[in-house]
Peer 1: 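Got a structure for you, written out below as structure tokens; questions coming shortly.
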Amino acid sequence: MGKPAGYWVNKIRTSFKGGSSSSKSLDEGSASGSRKNGSKHGKNQKTEEGNKNGEAESGRKVMVVVDTTSQSKNALQWALTQCVQDEDNITLLHVTKTPVGQDETQGQRNSRAHEQVHPLKNFCQLKKPNVKTEIVVVETAEEKGKTIVEEAKKQGAGVLVLGQRKRTSKWRVIWKWRAKGGMGGGVVEYCIHNSECMAIAVRKKSNNGGYLITTKRHKDFWLLA
């Protein structure tokens with residue numbers, strides 16, 4: 001007999017709010033989250049365990065891939081309400097492709113990118129004033145997915161959050177065909193399957209319809225948040 005829907009909702013929620021910076025199974029995340037959300041004694045015990053494993057007392061680094069799209073802001077909003085805790089740090093990662101045939105310098109492009117992302121940093125500080133937020137801008141000639149995964153590893157991210165747009169049935173068929181041929185899917189799919197930390201794709205279902213969450217273990221799991 002299958003598990004009730006509430007069982008899986010609690011398991012997924014707990015895994016997102018787990019204490020480790022490494023990618024864990026949902027069962028491990030659930031156990032970690034239970035210790036964290038327990039009594040004060042349990043919380044102190046978790047801190048001691050984290051110190052023994054060399055984890056920083058400041059918590060995890062939650063990396064959110066951002067740009068100027070609504071999908072990006074929706075993913076950030078979800079991360080702030082469902083994933084980020086007061087002891088965590090937020091890294092807003094903005095990846096751009098190196099342009100060809102432009103007179104603008106890389107420094108000028110980098111400055112402009114920071115200006116575009118800065119309102120999202122202000123949004124983080126408004127929602128989570130006690131959480132440190134930083135912006136990282138990376139310009140690359142490589143594929144964005146590969147760059148995101150490499151930067152998440154370089155920055156020591158414990159969780160990687162990406163916004164995802166709604167895909168048409170035609171796109172899903174093409175993606176499955178590409179995946180079978182070893183060609184890979186889109187940026188989000190690449191990050192989910194290649195990131196060393198837990199990668200979470202977030203898509204807002206509707207104005208009041210919650211979010212669809214995709215990880216390596218779950219696809220389009222609905223969370224009313």
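Position 1 is the first residue of the sequence; numbering continues from there. As the structure is a prediction and not an experimental result, all values here were calculated from the model.
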Peer 1: Okay, side chain of Asp88, backbone of Gln85: is any donor-acceptor separation there less than 3.5 Å?
Peer 2: yes
Peer 1: Any non-hydrogen side-chain atom of Ser72 less than 4.5 Å from a side-chain atom of Leu120?
Peer 2: yes
Peer 1: Return yes if some donor-acceptor pair links the side-chain N/O of Glu189 with the main-chain N/O of Gly186 below 3.5 Å, else return no.
Peer 2: yes
Peer 1: Would you say Asn130's side chain and Asp86's backbone share a donor-acceptor pair under 3.5 angstrom?
Peer 2: no
Peer 1: Applying salt bridge (charged side-chain N to carboxylate O under 4.0 Å, His left out), run through Glu134 and Lys61 and close with a yes or a no.
Peer 2: CA-CA 10 Å; Glu134 64 174 349; Lys61 177 172 284 188; 3.4 Å; yes
Peer 1: Does any part of the side chain of Cys197, heavy atoms only, come nearer than 4.5 Å to the side chain of Arg60, both counted from C-beta?
Peer 2: no
Peer 1: How many angstroms lie between OG in Ser70 and NZ in Lys204, if you round to the nearest 0.5 Å?
Peer 2: 9.5 Å
Peer 1: Which atom pair, heavy atoms only, marks the closest approach of Gly145 to Cys191?
Peer 2: O-SG, 3.8 Å
Peer 1: Using every non-hydrogen atom in the two residues, find where Lys97 and Ala141 come nearest and quote the distance to one decimal.
Peer 2: NZ-O, 3.4 Å
Peer 1: In Å and rounded to the nearest 0.5 Å, what is the CG to CD distance from Leu160 to Glu151?
Peer 2: 11.0 Å
Peer 1: For Tyr211, does the six-membered ring have the charged nitrogen or CZ of Lys205 within the cation-pi criterion, i.e. under 6.0 angstrom from the centroid and within 45° of the normal?
Peer 2: no
Peer 1: Does Gln108, at its CD atom, have more than 12 non-hydrogen atoms belonging to other residues, nucleotides or ligands within less than 6.0 Å?
Peer 2: yes
Peer 1: For the CD1 atom of Ile213 and the CD atom of Gln82, what is their distance to the nearest 0.5 Å?
Peer 2: 8.0 Å
Peer 1: Determine, stepwise, if the pair Leu76 / Val161 fulfils side-chain contact (heavy atoms from CB on, under 4.5 Å).
Peer 2: CA-CA 8 Å; Leu76 178 59; Val161 182; over 6 Å; no
Peer 1: So, for Ala152 and Met63, which heavy atoms are closest and what is the spacing to 0.1 Å?
Peer 2: CA-SD, 3.7 Å
Peer 1: If we ignore hydrogens and angles and just use 3.5 Å, is the side chain of Lys146 paired with the main-chain N or O of Tyr190 as donor and acceptor?
Peer 2: no
Peer 1: State, with a plain yes or no, whether a side-chain heavy atom of Asn89 is found less than 4.5 Å away from one of Val84.
Peer 2: no
Peer 1: Without placing hydrogens or testing angles, list every side-chain donor-acceptor pair under 3.5 Å for residues 110-118, not counting sequence neighbours.
Peer 2:
residue	atom	partner	partner atom	Å
Arg112	NE	Glu104	OE2	3.3
Arg112	NH2	Glu104	OE1	2.7
His114	ND1	Asn110	O	3.0

Peer 1: Output the distance between atom CG (Leu162) and atom CD1 (Ile200), rounded to the nearest 0.5 Å.
Peer 2: 9.5 Å
Peer 1: Is any side-chain heavy atom of Ile148 closer than 4.5 Å to a side-chain heavy atom of Leu93?
Peer 2: yes
Peer 1: Given side chains that start at C-beta, do those of Lys121 and Leu92 come closer than 4.5 Å, heavy atoms only?
Peer 2: yes
Peer 1: At what distance, to the nearest 0.5 angstrom, does CD of Glu150 lie from CD of Glu142?
Peer 2: 5.5 Å
Peer 1: Hey, could you give me the NZ/OG1 distance between Lys128 and Thr133, rounded to the nearest 0.5 Å?
Peer 2: 10.5 Å
Peer 1: Quick check: does any side chain N or O of His94 sit under 3.5 Å from a backbone N or O of Val137, one acting as donor and the other as acceptor?
Peer 2: no
Peer 1: Run through Leu212, Ile192, Val188 and flag the one making a side-chain contact (heavy atoms from CB on, under 4.5 Å) with Gln164.
Peer 2: Val188
Peer 1: A quick test of your reading: do over 12 heavy atoms of other residues, nucleotides or ligands sit less than 6.0 Å from CD of Gln106?
Peer 2: no
Peer 1: Can you find a pair of side-chain heavy atoms, one from Arg203 and one from Gln71, that are under 4.5 Å apart?
Peer 2: no
